[in-house]
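Note that ligands are numbered from 1 as they come in the structure, with each ligand's atoms numbered from 1 the same way. Source: prediction; values computed, not measured.
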Amino acid sequence: MPELPEVEVSRMGVSQHLNQQIISDVVVRTPKLRWDIPTSQLQTLIGQRITAISRRAKYLIIETGKGNIIIHLGMSGSLRVIDSKVALKKHDHVDICIGDKVLRLNDPRRFGAVLFSEYGTQHALFDKLGPEPLTGDFNATHLIAKCAKRKAVIKLVIMDNPVVVGVGNIYANECLFLCGIHPQIPANELTKKQLTALVAVIKQVLVAAIKQGGTTLKDFSQTDGKPGYFAQSLNVYGRGGEACLKCQSILQEVKIGQRASVFCPSCQSV
Ligand SMILES: [Zn+2]
């Protein structure tokens, strides 16, 4: 599933091609992905200039002076900017056309979304989102306050969108490992020092992933190239039963909130 770094890399890749271009058509081939696609509202943007491509959590927002297209990649979505003559592939659901180029959304599992908003992030989707992890609003004071009365396990708390957006399963696993924090410890049992370190690590890990993903940007507009995602160097995620890269103990895997969680029983004993 695309996580925040992949979405940010997609935003950078798409921006290069779309910013300041005029939307010449909006083609919707599939009326519903996760939600109904508001085709007629999206088509009111034909003729409008794209003024920015921004991101809030894992939503991309293609902005114009008259309204915005909100895109979420769901479980399996990807975006390509290609020549409009390129033949359609299976699961190519939506085209945002800009002259002879097109931003094409492909989504095999159809958990993605294409929506319309009149003003920026004024959409019910954004109402309960917490701070962006890479802004100053996500800081130690904030996380300490959020954890003070929470008995939920720390992994679920950092993946909880009202606490902070964009920390998905892969990065929650990795960040807790790097901090030596057991994923199943209740949030209110962690010290201020531990939570301060966790905030710093979340920022570092996400920044590093975005930087790494940026190196694949050159492939972004290739028709059969990879859609801007990247191989991640992971310490624990997907490595249950293998040896810890720090201490050689066998990594354990448990389910937390239905999601696979991998941790090192000796490095993450706290
Ligand atoms: Zn270890």
**OP:** Before accepting this row, confirm whether a basic side-chain N of the pair Arg29/Asp95 lies closer than 4.0 Å to the acidic partner's carboxylate O.
**Re:** yes
Subject >> Under the ring-ring contact (aromatic ring centres under 6.0 Å, His included) test, residues paired with His182 that sit two or more places apart >> reply: Phe263
Original post:
Which atom pair, heavy atoms only, marks the closest approach of Glu118 to Asn68?
Top reply: O-ND2, 3.6 Å
Original post:
Which protein N, O or S atoms lie under 2.8 Å from the Zn ion (ligand 1), given by chain and residue number?
Top reply: Cys244 SG, Cys247 SG, Cys264 SG, Cys267 SG
Original post:
Are any of the side-chain nitrogens in Glu132 or Arg56 under 4.0 Å away from the carboxylate oxygens of its partner?
Top reply: yes
Subject >> Lys146/Asp160 ion pair, N-O < 4.0 Å >> reply: no
Original post:
Going by atom types only, do Ser78 and Asn106 share a side-chain donor-acceptor pair under 3.5 Å?
Top reply: no
